[in-house]
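Encoded as structure tokens, the structure appears first; notes follow it.
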Amino acid sequence: MIDTPLYFGRRNRMVKDLAAKGSYSGSALEAIGRVARHSFLETGLQERAYMDIPMPILENQTMSQPSTVALQSTLLGSVSGKKVLEVGTGCGYQTAVLLEMGAKVFTIERYKSLCRLANVKLKELGYSGFTLFFGDGRNGYAPAAPYDAILVTCCAPEIPARLLEQLSPGGRMVIPVNCGSDERVCNVKADSVSQKLWVITKTAENCYEKSEAGACNFVPMLEGTVK
């Protein structure tokens with residue numbers, strides 16, 4: 001999809017609106033400003049690509065709204081030159097933002113159709129420096145671990161222990177979790193349907209520090225893969 005002046009102008013306005021209403025990092029906003037979001041959508045949806053709304057993609061999944069992408073990318077901190085695991089590739093839009101931020105991205109997706117779509121689209125747009133895997137994101141990807149950062153784009157019923165294990169000391173994970181009354185780092189059970197975005201930092205002593213980054217709304221993290 002050609003990045004026409006019309007789409008370019010809409011994207012610039014969207015980035016200016018995000019900068020005005022949120023505390024997002026400059027690197028995240030600059031990256032979002034360089035990614036042609038409309039290219040990751042079907043033709044009939046492209047006119048709404050630069051509105052701050054989630055958009056439907058294949059397999060009843062969604063592309064996160066730009067403010068959510070900006071927030072998660074900001075919460076990761078500086079990722080330039082660092083190894084990042086993305087759980088939930090989707091259509092590849094968030095992957096592209098991470099690549100524009102200078103990250104070396106390992107991304108995993110449970111839907112085979114989305115894997116194929118994202119891989120083709122990212123390459124069509126000229127992106128490299130990413131490795132895409134088909135698999136169950138709850139398990140991460142141990143052969144390439146440890147990771148400097150982990151970004152999860154689906155809501156977990158609890159924080160997966162295998163993801164924590166694959167985080168480098170000093171590394172950071174940003175993950176949405178179904179939260180109830182029990183909010184222990186490794187055992188956040190879904191006693192209610194509310195979702196919270198958490199930032200988990202692994203200390204040098206292999207302990208974890210957790211901070212809340214607000215309410216959120218993501219598709220659920222599901223078990224297994226779909227071919």
Main-chain N/O of Leu41 paired with Gln46 side-chain donor or acceptor, under 3.5 Å | yes

Would you check if Asp52 and Lys21 make a side-chain contact, meaning some heavy-atom pair closer than 4.5 Å?
-> yes

Where Cys91 and Phe40 come nearest, the two heavy atoms and their spacing = O-CD2, 3.2 Å

Please answer: with hydrophobic residues joined when any side-chain heavy atoms are less than 4.5 Å apart, are Val120 and Val97 in the same cluster?
-> no

May I ask you to decide if Val219's main-chain N or O and Gln61's side chain share a donor-acceptor pair within less than 3.5 Å?
-> no

Ser80 side chain to Ser78 side chain, donor-acceptor N/O pair below 3.5 angstrom = no

Measure across Gly90 and Ala118 and return the closest heavy-atom pair with its distance rounded to 0.1 Å.
-> O-CB, 3.7 Å

Is the shortest heavy-atom distance from the side chain of Thr68 to the side chain of Asn217 under 4.5 Å?
-> no

After noting the C-alpha distance and the side-chain angles of Cys154 and Val152, does the key distance pass the side chain to side chain contact (heavy atoms under 4.5 Å, CB included) rule?
-> CA-CA 6 Å; Cys154 46; Val152 181; 4.1 Å; yes

Taking every heavy atom of Ala144 against every heavy atom of Lys83, the minimum-distance pair comes out as O-NZ, 2.6 Å

Same apolar cluster (I L V M F W Y, side chains within < 4.5 Å links), Leu6/Met51 | no

May I ask you to decide if Gly92's main-chain N or O and Glu109's side chain share a donor-acceptor pair within less than 3.5 Å?
-> no

Is there a path of hydrophobic side-chain contacts, each under 4.5 Å between heavy atoms of I, L, V, M, F, W or Y residues, that connects Val199 with Val79?
-> yes

Using a 4.5 Å cut-off on heavy atoms from C-beta on, say whether the side chain of Leu98 contacts that of Tyr93.
-> no

Please assess Glu59 against Leu114 for the test side chain to side chain contact (heavy atoms under 4.5 Å, CB included), listing each intermediate value before the final yes or no.
-> CA-CA 8 Å; Glu59 305 291 359; Leu114 287 174; 4.3 Å; yes

Side-chain heavy atoms of Leu197 within contact of Glu212, under 4.5 Å | no

Rounded to the nearest 0.5 Å, how far apart are CG of Leu58 and SG of Cys115?
-> 12.0 Å

Please list, one pair per line, the donor and acceptor atoms closer than 3.5 Å that link side chains of residues 126-133 to other protein atoms, with sequence neighbours excluded.
from, atom 1, to, atom 2, distance (Å)
Tyr127, OH, Glu100, OE2, 2.9

Look at the side chain of Asp136 and the backbone N and O of Gly224, then say whether any donor-acceptor pair between them is shorter than 3.5 Å.
-> yes

Spell out, yes or no, whether Phe8 and Val15 are grouped together once hydrophobic residues are joined by side-chain heavy atoms under 4.5 Å, including indirect joins.
-> no

Does Tyr50 have Arg37 sitting over its ring (NZ/CZ under 6.0 Å from centre, angle to axis within 45°)?
-> no

Hey, what do you get for CG (Leu167) to CE (Met173), rounding to the nearest 0.5 Å?
-> 6.5 Å

d(Gln72 CD, Ser67 OG) to nearest 0.5 Å is 10.5 Å

Evaluate the criterion side chain to side chain contact (heavy atoms under 4.5 Å, CB included) for residue pair Leu163 and Leu85; output intermediate values, then yes/no.
-> CA-CA 9 Å; Leu163 295 184; Leu85 173 66; 4.1 Å; yes

Looking only at non-hydrogen atoms, find the nearest pair between Leu222 and Tyr111 and report the distance.
-> CD1-OH, 3.9 Å

For residues Met101 and Gly77, report the shortest heavy-atom separation together with the two atoms involved.
-> CE-O, 4.3 Å

Report the C-alpha distance between Val69 and Ile32 in whole Å, list the side-chain angles of each, state the deciding distance to 0.1 Å, and finish with yes or no for side chain to side chain contact (heavy atoms under 4.5 Å, CB included).
-> CA-CA 8 Å; Val69 173; Ile32 289 171; 4.2 Å; yes

Do Leu18 and Tyr24 touch side chain to side chain, with heavy atoms closer than 4.5 Å?
-> yes

N-O pairing of Asp148 and Lys104 below 4.0 Å = no

Side-chain heavy atoms of Ser73 within contact of Gln94, under 4.5 Å = yes

Check whether any side-chain heavy atom of Pro66 lies under 4.5 Å from a side-chain heavy atom of Met14, and answer yes or no.
-> yes

Could you give the distance from CD1 (Ile53) to OG1 (Thr62), rounded to the nearest 0.5 Å?
-> 11.5 Å

Quick one: do Lys202 and Glu165 make a salt bridge, cutoff under 4.0 Å?
-> no

Rounded to the nearest 0.5 Å, the OG atom of Ser211 sits from the CH2 atom of Trp198 at a distance of 8.0 Å

Give the C-alpha distance, both sets of side-chain angles, the deciding distance and a yes or no for salt bridge (charged side-chain N to carboxylate O under 4.0 Å, His left out) between Glu47 and Arg10.
-> CA-CA 10 Å; Glu47 287 300 306; Arg10 288 177 178 176; 3.0 Å; yes

Any side-chain heavy-atom pair of Tyr208 and Thr201 under 4.5 Å | no

Indicate the atoms forming the closest heavy-atom contact of Ile200 with Lys210, along with that distance.
-> CD1-CG, 3.4 Å

Co-membership, hydrophobic cluster, residues Val87 and Phe134, 4.5 Å side-chain | no

Side-chain donor/acceptor of Ser25 to backbone N/O of Ala28, under 3.5 Å = yes

Going by distance alone, is a donor N or O of one side chain under 3.5 Å from an acceptor N or O of the other, for Glu86 and Thr95?
-> yes

So CZ of Arg172 and CG of Leu151: to nearest 0.5 Å the spacing works out to 12.0 Å

